[in-house]
Amino acid sequence: MAESITIIDNRTGDSTEIPLTNGGVSAAEFSKLLPGVWFYDPAFMSTAACESAITYLDGDAGVLRYRGYPIEQLAEHSTYLEVAYLLIHGELPTPDQYAEWSHEITYHTFIHENVRKRFLEGFHYDAHPMGMLVSAVAALSTFYSDAKDIFDADARYKQIIRLIAKMPTLAAAAHRFSVGMPFVYPDNSLDFASNFLSMMWKVAEPRFEADPVLARALDVLFILHADHEQNCSTTAMRVVGSSHADPYSSTAAAAAALYGPRHGGANEAVIRMLTEIGSIENVPAFIEGVKAGNGRLQGFGHRVYKSYDPRATIIKHTADQVFEVTGKNPLLDIALKLEEIALSDEYFISRKLYPNVDFYSGLIYQAMGFPMEMFPVLFAIPRTSGWLAHWSEMLDQDSKIARPRQLYIGTDERDYVAIDGR
Ligand code: ACO
């Protein structure tokens with residue numbers, strides 16, 4: 001079968017051969033037929049904005065792979081740091097490469113004292129930790145003058161290491177400040193997840209020992225959230241990065257996109273919904289309400305997945321392990337009942353609505369003691385490696401600055417009227 005489509009212009013009878021590249025139609029070729037006419041595609045529903053070799057997602061089949069590796073295998077056998085290496089470099093590390101990578105990340109976890117003292121501590125006492133994180137990441141660009149050398153391979157790599165390493169430190173610092181607790185310095189003898197838990201929860205003990213089951217569960221959640229191809233925040237990263245802004249500023253833009261409840265805040269909405277439902281007996285009435293148009297079943301449905309989100313399957317299993325340590329989250333039974341009823345209901349079946357990654361992740365975070373304000377922050381920590389992989393890929397593709405066109409719907413030209421004449 002020819003890898004092209006033929007388009008006939010009925011006005012002139014001219015035909016044009018448009019090549020299909022990787023299953024996509026080249027807009028540059030197509031638009032030659034329609035000079036001056038723009039493709040109208042708000043929210044990019046039908047637009048592939050780039051080529052990417054990082055993450056493969058088949059929403060109909062429920063498949064997610066990083067650099068070709070199925071998410072199920074990575075979640076079972078790998079670590080977040082190894083996955084971060086995979087996303088950035090394209091290949092799994094050898095033992096030596098992994099040792100060096102882990103060392104680099106571990107020894108860049110400290111933040112400049114002025115980031116904490118002058119900057120983070122300047123926030124209002126009840127500042128939202130995600131707002132603090134977004135601002136603090138942007139502020140880091142002012143501490144590293146080499147951040148602007150984005151086409152210097154060594155300088156670029158150094159910023160990637162710094163960003164992946166410092167996100168947990170900034171995240172925990174934002175939480176500690178927002179609850180009035182003193183800052184905890186990184187403990188470089190701990191692994192990535194345990195170190196973050198130490199910075200979150202350490203009080204007066206000389207050394208914080210994270211429960212290994214909880215540390216592993218968090219690491220698995222970090223793996224599952226590390227990348228998801230061209231989602232809203234990654235698109236923000238690529239768009240801002242296309243102007244050749246430094247990686248801290250671009251990452252701050254991506255984190256800001258993640259802040260919104262339609263993206264990184266959905267698991268908080270799930271907890272609020274489950275709390276509002278209150279008990280299993282209220283589930284059928286709640287489902288009927290959703291079907292009647294009273295709100296949505298939070299944590300259900302996805303723009304791309306039209307079958308079970310593979311990450312939700314893994315998270316459900318992780319939740320069982322976490323609850324064995326923490327005790328069951330009392331909202332779990334309500335969630336299970338909701339899922340059971342929804343998956344056998346024609347409304348949800350016909351619309352291909354299944355649980356997504358957010359349906360169970362909030363239950364785990366809550367059982368582990370994280371306040372809801374920290375949920376998007378917990379998302380931003382691992383997604384940083386995905387953002388940076390896309391940013392670096394975009395720079396290597398020598399891509400143009402992202403600059404879409406618009407369909408102007410405002411008034412025609414008119415003359416200025418002085419204020420006393422209006
Ligand atoms: N509950 C009830 N009905 C739903 C839901 C839901 N969660 N999601 C979609 N529908 C229905 C819509 O009402 C619509 O029905 P209709 O055809 O009768 O009008 C149909 O399914 C299609 O819905 P759209 O809004 O067109 O689907 P879209 O792809 O634009 O939305 C989204 C995807 C935003 C994720 C949506 O499913 C939703 O709002 N889910 C709840 C919020 C949520 O869980 N977000 C997290 C997404 S995962 C992530 O970002 C990490």
Side-chain angles (χ1 to χ4, degrees), residues 42-46 55-65 70-72 75 220-221 224-225 227-233 258 260-323 328-367 372 375-376 379:
F44 313 127
M45 301 276 286
S46 312
T55 289
Y56 175 77
L57 207 171
D58 179 340
D60 291 322
V63 170
L64 174 61
R65 298 183 201 130
I71 192 69
E72 293 80 5
V220 169
L221 284 162
L224 300 182
H225 285 90
D227 195 43
H228 212 229
E229 50 120 297
Q230 308 307 318
N231 56 88
C232 180
S233 55
L258 187 67
R262 281 174 157 185
H263 190 9
N267 47 11
E268 177 178 341
V270 172
I271 297 296
R272 292 194 192 283
M273 172 188 74
L274 297 174
T275 308
E276 195 186 308
I277 294 173
S279 76
I280 290 191
E281 300 78 61
N282 299 334
V283 169
F286 182 82
I287 294 269
E288 288 310 312
V290 168
K291 286 160 62 180
N294 302 330
R296 289 196 164 190
L297 184 48
Q298 297 300 327
F300 257 67
H302 195 277
R303 172 62 59 79
V304 181
Y305 290 120
K306 299 304 166 196
S307 66
Y308 215 100
D309 181 337
R311 300 168 300 173
T313 315
I314 300 166
I315 283 190
K316 218 172 153 181
H317 181 59
T318 307
D320 292 337
Q321 296 166 340
V322 167
F323 296 155
K328 196 170 75 177
N329 187 325
L331 299 176
L332 177 68
D333 289 336
I334 302 174
L336 289 170
K337 193 70 187 168
L338 269 176
E339 181 183 341
E340 181 195 318
I341 296 185
L343 290 184
S344 58
D345 189 297
E346 186 48 31
Y347 175 95
F348 296 92
I349 294 170
S350 63
R351 288 168 179 77
K352 298 187 176 170
L353 300 171
Y354 294 86
N356 59 49
V357 68
D358 291 315
F359 195 63
Y360 288 104
S361 64
L363 289 173
I364 300 180
Y365 293 146
Q366 198 180 44
M372 278 193 278
F375 291 3
F379 197 155

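Considering only heavy atoms from C-beta on, Met273 comes within 4.5 Å of Phe286 through its side chain. Within the 4.5 Å cutoff, side-chain heavy atoms of Pro310 are placed close to those of Tyr305. Counting heavy atoms from C-beta on, the side chains of Lys337 and Leu332 never come closer than 4.5 Å. Contact annotation: the side chain of Ile271 never approaches that of Tyr365 to less than 4.5 Å [non-hydrogen atoms, C-beta and beyond]. Within the 4.5 Å cutoff, the side chain of Ile341 has heavy atoms near those of the Pro284 side chain. Considering only heavy atoms from C-beta on, Tyr360 stays 4.5 Å or farther from His317 through its side chain.
Looking at every heavy atom in both residues, Arg296 comes nearest to Val290 through C-CG2, 4.1 Å. Shortest non-hydrogen contact noted between Ser307 and Gly62 is OG-N, 3.2 Å. For Asn329 against Ala367, the heavy-atom pair with the smallest separation is ND2-N, 4.1 Å. Here the shortest heavy-atom pairing between Val357 and Asp309 reads N-OD2, 2.9 Å. The minimum heavy-atom distance linking Leu363 with Ala335 is given by the pair CD1-CB, 3.9 Å.
Between His228 and His302, the distance from one ring center to the other falls under 6.0 angstrom. Between Phe359 and Phe300, the distance from one ring center to the other falls under 6.0 angstrom.
Salt bridge Asp58/Arg65: absent, no basic N to carboxylate O contact under 4.0 Å.
No side-chain N or O of Tyr347 forms a donor-acceptor pair with one of Glu288 less than 3.5 Å apart.
Scanning for side chain to side chain contact (heavy atoms under 4.5 Å, CB included) contacts around Asp320 gives an empty result, with sequence neighbours left out. By the side chain to side chain contact (heavy atoms under 4.5 Å, CB included) test, Ala269 is found to be paired with Gln298, residues two or more places apart in sequence or in another chain being considered. Here Thr55 pairs with Leu64, Tyr66, Leu87, Asp227, Glu229 under the side chain to side chain contact (heavy atoms under 4.5 Å, CB included) rule; sequence neighbours left out. Applying the side chain to side chain contact (heavy atoms under 4.5 Å, CB included) criterion to Arg303, with sequence neighbours excluded, gives Met45.
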In sequence, state the C-alpha distance, the side-chain angles, and the governing distance for Leu297 and Phe348, and then conclude on side chain to side chain contact (heavy atoms under 4.5 Å, CB included). CA-CA 10 Å; Leu297 184 48; Phe348 296 92; 3.6 Å; yes

Working note: Val283 + Glu340, criterion side chain to side chain contact (heavy atoms under 4.5 Å, CB included); need CA distance, chi angles, decisive distance, verdict. CA-CA 10 Å; Val283 169; Glu340 181 195 318; over 6 Å; no

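Within the 3.5 Å criterion, the main-chain N or O of Ile277 finds a donor-acceptor partner in the side chain of Asn282.
From Leu57, atom CG reaches atom CD of Gln230 across 10.5 Å, with rounding to the nearest 0.5 Å. Note that the CG atom of Leu338 and the CD1 atom of Ile287 stand 5.0 Å from one another [nearest 0.5 Å]. Atoms CD1 and CG, from Ile71 and Leu224 in turn, are 5.0 Å apart once rounded to the nearest 0.5 Å. Taking CG of Asp333 as the reference point, atom OG of Ser279 lies at 10.5 Å (rounded to 0.5 Å).
Each salt bridge (Lys or Arg N to Asp or Glu O under 4.0 Å) pair with one or both residues in residues 343-362, not counting sequence neighbours, appears once here: Lys291-Asp345. Residue pairs that meet the salt bridge (Lys or Arg N to Asp or Glu O under 4.0 Å) test with at least one member in residues 269-286, sequence neighbours left out, are Glu268-Arg272.
Only one option out of Asn267, Asn356, Thr318 pairs with Ser361 in a side-chain hydrogen bond (donor to acceptor under 3.5 Å, both in side chains); it is Asn267.
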